[in-house]
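Whatever order the structure lists them in is the order used to number ligands and atoms, beginning at 1. Each residue takes its place number in the sequence, starting with 1.
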Amino acid sequence: MTEITCQLVVIGAGPGGYVCAIRAGQLGLDTVLVERGKLGGSCLNVGCIPSKAMIHVAEEFEKLVDAASGKTPFGLSAAQPALDFKQAIAWKDGIVHRLNNGVAALLRKAKVKIVQGHARFRDGKTIVVETETGPKTIKAETVVIATGSAPVELPLLPFGGNVISSTGALSLTEVPKSFVVVGGGYIGLELGTAFAKLGSKVCVVEAQDSILPLYDAELTAPITGRLAALGVEVLSGARALGPTARGDGLRVETADGRERSLPADKILVTVGRQPVTAELGLEQLVLDMDDQFIRIGQRCETSMRGIYAIGDVTGEPMLAHRAMAQGEMVAEIAAGLPRAWDERCIPAICFTDPEIVSVGLSPNEARQRGLNIKVGQFPFVANGRAMTRHGEPGFVRVVARADNQRVIGMQAVGQGVSELSAAFGLAIEMGSVLQDVAGTIHAHPTLGEAIQEAAFRALGHAIHI
Ligand code: FAD
Ligand code: NAD
């Protein structure tokens, strides 16, 4: 059995693991990265990137459909739109492939050694990797677990046949005529909206009283309206009972207690994700857990010295940028630098139509913490740039402490607002007060002006409303 000795071994090459390995390599640590699948993990291969590529295809196709039906208010017309779905999938796969190569090149540049295969702990300092050429033992001073997450399966609706996970939905070869989505959260609504635009008849089955229960009703209202306009049926407060007897649909119990059968060529189950810890040899260790997730402290340290955990395997929020930030921090800690997690906020974006961004505290969350707050909200109907682009509903909202005007939260819903997340994060991270945001000259005409106006409004003197 080959044996490798190194300073740092990272298990899992998702956004958490590969960023950790690159930073460790840059800092001169002798680093090994173990991956059993493809570089880039869920995010690059079956998550963030391919889903946004499909959302883009759907948006472009919808524009053609609107033009062909003469629905645009500005007089565009087009011939009968057509979609070569296989080509769309090949284009999406091409982007993923380019990024896989990009990650490999970055790892090479940082002198990280990649070992391809499934890793399992033998003890707290030793990993055994099953590679194509046999087992390899890796002994390391520091170990980082970055094994990520996988879709949750419903016992009544196991994956297989026409019951698919997000991975299956992103590799379909044709657009399903009828598409039922179980779980109206991030993935269900991002992909459900995309398939509705591509021509599927979509129905969303959500167990809670409303879709996207993580966000408040003001933020989700424009999404609900848009889903209705796209012909998407939303059954909230509903329960999936299992496939129909003929396997051509889904039986559900609706909020009023009745049973309904929904026709479905494909049933997409997106009811959350669970940590990947099976077959990892965790029984050889004594790690404190939070339910199924690995418990970590402020420096991503586990309960065993020298073992760190980052990303989805440590629980919510399961977001790529959180995993990356943790990975970068842990690499610096492993190199002896004084680091701890002191970020004020982690942006969350839902790439629905329109998009939702939430950074820091919402008004409800702030009030639940007993804070006395000021809220300023500015609607896109009063923003020139939004009107020239689409005139869709939406707004920017700023939440600040009433006592010292410190900005503690920023949210927005609207087309293209995902790109405002950087400004929101920076304002909160830099400890801005309302006057800082209001006093920053925002370029005209941009959606960003709504940020400044929301701050003005919280201060009691908005200009354009
Ligand atoms: P992962 O990306 O899951 O990577 C873990 C890696 O570890 C995998 O490559 C796996 O093969 C490997 N591994 C596991 N066990 C072993 C083992 N024993 N040995 C060797 N290798 C192992 N997040 C966002 O921030 N924005 C988005 O827009 C977004 N969109 C998403 C869309 C979809 C459809 C999905 C499914 C997820 C999306 N996410 C998004 C979530 C994001 O993908 C995850 O938060 C992110 O990938 C977590 O990174 P990670 O490094 O913790 O784990
Ligand atoms: P989610 O937690 O976002 O949504 C799951 C939804 O399913 C919830 O609304 C929940 O109430 C519902 N649900 C649970 N059990 C159900 C049942 N039996 N029947 C009907 N509904 C049920 O989970 P997801 O959409 O699977 O996404 C998983 C994770 O991936 C998210 O937590 C997020 O962190 C990450 N993600 C992020 C993005 C992004 O950042 N844009 C995109 C996709 C995924």
Check your understanding: Looking only at atom types and distance, does a side-chain atom of Gln274 sit under 3.5 Å from a main-chain N or O of Ala150, one as donor and one as acceptor?
Key -> no

Practice item. Under 4.0 Å, heavy atoms only, figure out whether ligand 2 is touched by the backbone of Glu190, its side chain, both or neither. Key: side chain

**Study point:** atom 35 (C) of ligand 1: nearest protein contact (heavy atom, Å)
**Key:** Gly47 CA, 3.5 Å

Point to revise | Val205 contact mode with ligand 2 (heavy-atom cut-off under 4.0 Å) | key: backbone

Review point. Between Ser51 and ligand 2, which part of the residue brings a heavy atom under 4.0 Å of the ligand: side chain, backbone, both or neither?
Key: neither

Practice item. Give the single entry among Ser42, Pro347, Ala309 that approaches atom 2 (O) of ligand 1 most closely by any heavy atom. Key: Ser42

Check your understanding: Can you find an N/O atom of Glu206 closer than 3.5 Å to an N/O atom of ligand 2?
Key -> yes

Review point. So, does Ser362 use its side chain to make a donor-acceptor pair with the main chain of Glu365 at under 3.5 Å?
Key: yes

Review point. Are any of the side-chain nitrogens in Glu328 or Arg339 under 4.0 Å away from the carboxylate oxygens of its partner?
Key: yes

Practice item. Return yes when atom CD of Glu174 has more than 12 non-hydrogen atoms of other residues, nucleotides or ligands closer than 6.0 Å, and no otherwise. Key: no

Review point. Which bit of Tyr186 gets closer than 4.0 Å to ligand 1, counting heavy atoms only: side chain, backbone, both or neither?
Key: neither

Study note, to complete from the structure: atom 4 (O) of ligand 2: of Pro347, Gly185, Ser418, the nearest heavy atom sits on Gly185

Check your understanding: What about Ile187: any of its N or O atoms under 3.5 Å from an N or O on ligand 2?
Key -> yes

Check your understanding: Is the count of non-hydrogen atoms from other residues, nucleotides or ligands lying under 6.0 Å from Lys92 atom NZ greater than 12?
Key -> yes

Review point. Where the side chain of Ser200 meets the backbone of Pro176, is there a donor-acceptor pair that is under 3.5 Å apart?
Key: yes

Revision key, fill the gap. Met318 heavy atoms within 4.0 Å reach ligand 2 at atoms 33 (C), 34 (O), 35 (C)

Check your understanding: Any nitrogen or oxygen of Ala320, main chain or side chain, under 3.5 Å from a nitrogen or oxygen of ligand 1?
Key -> yes

Point to revise | Sub-4.0 Å atoms of ligand 1 with respect to non-hydrogen atoms of Leu280 | key: 18 (N)

Review point. Are there more than 12 heavy atoms of other residues, nucleotides or ligands under 6.0 Å from atom CD of Glu419?
Key: no

Exercise for review: I would like to know whether Arg389 and Leu447 meet side-chain contact (heavy atoms from CB on, under 4.5 Å); could you show each step before the answer?
Suggested key: CA-CA 10 Å; Arg389 281 159 43 117; Leu447 297 184; 4.0 Å; yes

Study note, to complete from the structure: Counting from 1 in the order shown, the ligand 1 atoms closer than 4.0 Å to a non-hydrogen atom of Lys52 are 27 (C), 28 (O), 29 (C), 30 (N)

Practice item. Using a strict 4.0 Å cut-off to heavy atoms of Gly14, name the atoms of ligand 1 that fall inside it. Key: 2 (O), 4 (O), 6 (C), 51 (O)

Check your understanding: Quick one: does Glu279 get an N or O within less than 3.5 Å of an N or O on ligand 1?
Key -> no

Check your understanding: Quick one: does Leu44 get within less than 4.0 Å of ligand 1, heavy atoms only?
Key -> no

Practice item. Please determine if Asp312 has a nitrogen or oxygen closer than 3.5 Å to a nitrogen or oxygen of ligand 1. Key: yes

Check your understanding: Considering only heavy atoms, does Leu319 approach ligand 1 within less than 4.0 Å through its side chain, its backbone, both, or neither?
Key -> both

Point to revise | Donor on one side chain, acceptor on other, Asp256 and Thr254, under 3.5 Å | key: yes

Review point. Between the candidates Ala207, Ser236, Gly237, Gly272, which shows the shortest non-hydrogen contact distance to atom 21 (N) of ligand 2?
Key: Ala207

Review point. Has Lys125 got more than 12 heavy atoms of other residues, nucleotides or ligands less than 6.0 Å from its NZ?
Key: yes

Revision key, fill the gap. Looking only at non-hydrogen atoms, the one of Ser166, Gly117, Ala169 nearest atom 20 (C) of ligand 1 is Gly117

**Study point:** Nearest-contact summary for atom 15 (N) of ligand 1 - protein heavy atom, Å
**Key:** Thr147 CG2, 3.4 Å

Point to revise | Closest to atom 39 (C) of ligand 2 (judged by heavy-atom distance), picking from Val269, Ile356, Thr270, Ile349 | key: Ile349

Exercise for review: Answer yes or no: does an N/O atom from Ala240 fall short of 3.5 Å to an N/O atom of ligand 2?
Suggested key: no

Review point. Gly41 heavy atoms, cut-off 4.0 Å: which ligand 1 atoms fall inside?
Key: 2 (O), 4 (O), 8 (C), 9 (O)

Practice item. Could you tell me the residue and atom name of the protein heavy atom closest to atom 19 (N) of ligand 2, and the distance to it rounded to 0.1 Å? Key: Val182 CG1, 3.7 Å

Check your understanding: Which atoms of ligand 1 sit under 4.0 Å from any heavy atom of Ser51?
Key -> 32 (C)

Practice item. Would you indicate which of Val271, Val204, Leu268 comes nearest to atom 14 (C) of ligand 2 when only heavy atoms are counted? Key: Val271

Practice item. Take every heavy atom of Glu316, measure it against each atom of ligand 2, and state whether any distance is under 4.0 Å. Key: yes

Exercise for review: Please write down residue, atom name and distance for the protein heavy atom closest to atom 7 (O) of ligand 2.
Suggested key: Gly183 CA, 3.3 Å

Check your understanding: Is there a nitrogen or oxygen of Leu154 sitting under 3.5 Å from a nitrogen or oxygen of ligand 2?
Key -> no

**Study point:** Glu253 side-chain N/O to Arg239 backbone N/O, donor-acceptor pair under 3.5 Å
**Key:** no

Study note, to complete from the structure: In this structure, atom 18 (N) of ligand 1 is nearest to the protein heavy atom Ala119 O, 3.1 Å

Exercise for review: For ligand 1, find out whether one of its N or O atoms is nearer than 3.5 Å to an N or O atom of Gly16.
Suggested key: yes

Check your understanding: If you measure from atom 39 (N) of ligand 1 to every heavy atom of Cys48, Ala13, Pro275, which option wins on shortest distance?
Key -> Cys48

Practice item. Check Ser149 against ligand 1 and report side chain, backbone, both or neither, counting heavy atoms closer than 4.0 Å. Key: backbone

Review point. When you measure from atom 7 (O) of ligand 1 to every protein heavy atom, which one gives the shortest distance, and what is it?
Key: Gly12 CA, 3.2 Å

Check your understanding: If you measure from each heavy atom of Pro317 to ligand 2, is any distance below 4.0 Å?
Key -> no

Review point. Which atoms of ligand 1 are found less than 4.0 Å from any heavy atom of His321?
Key: 25 (O)

Which pairs of donor and acceptor atoms, one on a side chain in residues 408-415, lie under 3.5 Å apart (sequence neighbours left out)?
from: Gln411; atom 1: OE1; to: Arg397; atom 2: NE; distance (Å): 2.9
from: Gln411; atom 1: OE1; to: Arg397; atom 2: NH2; distance (Å): 3.2
from: Gln411; atom 1: NE2; to: Leu361; atom 2: O; distance (Å): 3.0
from: Gln415; atom 1: NE2; to: Asp353; atom 2: OD1; distance (Å): 3.3

Check your understanding: Is Lys139 salt-bridged to Glu3, cutoff N-O under 4.0 Å?
Key -> no

Revision key, fill the gap. Per-atom filter on ligand 1: closer than 4.0 angstrom to a heavy atom of Ala146 are 5 (C), 6 (C), 7 (O)

Point to revise | From CA spacing to verdict: salt bridge (Lys or Arg N to Asp or Glu O under 4.0 Å), Lys201, Glu233 | key: CA-CA 9 Å; Lys201 172 75 190 118; Glu233 186 179 11; 5.3 Å; no

Exercise for review: For atom 36 (C) of ligand 1, grab the closest protein heavy atom and report residue, atom and distance to one decimal in Å.
Suggested key: Arg273 NH1, 3.3 Å

Check your understanding: Is the closest N or O pair between Leu170 and ligand 1 shorter than 3.5 Å?
Key -> no

Check your understanding: For ligand 1, which atoms sit closer than 4.0 Å to a heavy atom of Cys43?
Key -> 2 (O), 43 (O), 47 (O)

Point to revise | Taking atom 53 (O) of ligand 1 as the reference point, the nearest protein heavy atom with its distance | key: Gly148 CA, 3.1 Å

Check your understanding: Quick one: nearest non-hydrogen protein atom to atom 6 (C) of ligand 1, plus distance?
Key -> Glu35 OE1, 3.5 Å

Review point. Hey, what's the ring geometry for Phe179 with Phe195, parallel, tilted or perpendicular (30° and 60° as the breaks)?
Key: tilted

